[in-house]
Protein chains: 2
Amino acid sequence: MSPVTKPSRAEDAHDRLRDEIRANRMPPGFQATEPEIALRLGMSRTPVREALIRLEAEGLVELIPRHGARVLPIRADDMREIYDILTALEPEAAAQVAARGPSEADLAPLEAATRDMEAALAKSDLDMWAEADDRFHLTLLELQGNRRLTGIVTALYDQAHRARVFTMRLRAPPHQSTQDHRAIVDHLRAGNVDATRTVFRQHRQRAATELLDILETYKLGHL
Amino acid sequence: MSPVTKPSRAEDAHDRLRDEIRANRMPPGFQATEPEIALRLGMSRTPVREALIRLEAEGLVELIPRHGARVLPIRADDMREIYDILTALEPEAAAQVAARGPSEADLAPLEAATRDMEAALAKSDLDMWAEADDRFHLTLLELQGNRRLTGIVTALYDQAHRARVFTMRLRAPPHQSTQDHRAIVDHLRAGNVDATRTVFRQHRQRAATELLDILETYKLGHL
DNA sequence: GCTCCCATTAATGCATACATTAACGGATAC
DNA sequence: GTATCCGTTAATGTATGCATTAATGGGAGC
């Protein structure tokens, strides 16, 4: 009935470790050996190893031969790299969606995400805001349809996630970002290809600049 | 002295399988179980498993629960996805290099790669041409400096590699591509940001169109 | 002849055993 | 007191054993 394959331990380990890292319960720089992690997760080393290999491929941990797995810190340079790539990819993807002339049904989830962002902002619920923000961006990518692109961007989001939540509370409420989303939806609906790309590009560049400013202001060389 | 860590079996398995796939000795659609591969490589299942997990993350194989690993075919749709992303990423990266004002020392490897392409074309040595082409693109990315970007593009190249070598012999000699490279080097040297981006973009789009035309002409739904 | 069921087979997922080898610490020489 | 050497410890890389479970084939029932 449900096409869900029963969860393997390796998959479970992967998901749990990923969550621990995202939630900063395993903070950047945290190191643990395979036996330690295995003990912590209540399984043997084998599935833990497989999970770690995946997490390494996803850019979340580093496997150091004799010292176990280390949760990668996110430095300002890393964020620059990530946002550089996102700035090249996402505006182009959005422009392609605009060119295709999305239906109202296509746009509905984006509308919803934007409304949620506005609502979250009104309530000063930054976690909800971040969730809706993520949802907006991923929904737009899925609308564009390029699976590989979605995968790449998702991986980059995951890498940047911790820095984003950390800096989110050190800055003014993201009114501009929320307005950007509203503008992007409008341009998508109007099929305005160039405007979509331009606004999205500015949106990304502003986000990057703000984030990097905070990292440097607070001397958060690594996170 | 040499910082090379001794090669592990898992690493060896990964490299060898990757080569087999690239060289079409393990053609698209090829399936083998873990014990079969382990036997073939003369090692136990454990390192083979680890290699397969990595290869799956790199988009080269698919792990089918009871049927082993399957070498992923490259369909026209896949190539479209890949070239879409490359078209968004590479021209932007090249433009950034142009903006930075590369030195002659920076440009030398690109010059060399371009010369090699021209020489290969004169000798009708398509393999050499393809090698120089790859080298050009990777060198340019390294010049740009974004490690993540280089990693992403490399993975996409690997995925597209088989389709490229296959179609290479079904088309006219790549004079235009070679000239494009020459033009790109010139624009980089002149620090001509917009021209670099534009030419590179056309370069990629033309390559994509040609490749997809061939795939459709020859009804190579999958490769 | 066709379909369904069951037994057999074998691949996977995981646990565990083991050899290797790097890291650490203490002891000794100076 | 310091530096060096060596023995101990422990983590990794790999092999292997084992339970589970899906796929396959043959036989029975219709």
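Throughout, protein chains are lettered first and strands after them, A, B, ... in sequence-line order, and every chain is numbered starting at 1.
Residue B/Thr46 places none of its side-chain N or O atoms closer than 4.0 Å to OP1 or OP2 of D/dT14.
A/Glu50 places its CD atom 14 Å from the C1' atom of D/dG13, with the value rounded to the nearest Å. Taking atom CZ of A/Arg9 as the reference point, atom C1' of D/dT20 lies 12 Å away to the nearest angstrom. If you measure from atom CD1 of A/Ile37 to atom C1' of C/dA15, you get 17 Å, rounded to the nearest angstrom. Rounded to a whole Å, the CG atom of A/Leu39 is 18 Å from the P atom of C/dC14. One can place CZ of B/Arg49 at 14 Å from C1' of D/dA15, the figure rounded to the nearest angstrom. Between the C1' atom of D/dT14 and the CG atom of B/Leu52 lies a distance of 15 Å, rounded to the nearest Å. In this structure, A/Arg45 atom CZ and C/dC18 atom P are separated by 14 Å, rounded to whole Å. Straight-line distance from the CG atom of B/Leu41 to the P atom of D/dT14: 12 Å, rounded to whole Å.
Contact check on B/Arg22 versus B/Asp19 returns no salt bridge, with no Lys/Arg side-chain nitrogen under 4.0 Å from an Asp/Glu carboxylate oxygen.
When each of A/Leu143, A/Thr154, A/Asp133 is paired with A/Leu138, the side-chain contact (heavy atoms from CB on, under 4.5 Å) condition holds for A/Thr154 and for no other.
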Review item, nucleotides 6-11 of chain C N/O atoms under 3.5 Å of protein N/O:
{"unit_1": "C/dA11", "atom_1": "N3", "unit_2": "B/Arg66", "atom_2": "NH1", "d": "2.6"}

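Residues meeting the side chain to side chain donor-acceptor pair (under 3.5 Å) test with A/Glu58, sequence neighbours left out: A/His14.
With no hydrogens or angles considered, no side-chain donor-acceptor pair links B/Asp180 and B/Ser177 at under 3.5 Å.
Looking only at side-chain heavy atoms (C-beta outward), A/Met79 and A/Ile74 come within less than 4.5 Å of each other.
Proximity of the aromatic rings of B/Phe200 and B/His137 is defined here by a centroid distance below 6.0 angstrom, and this criterion is met.
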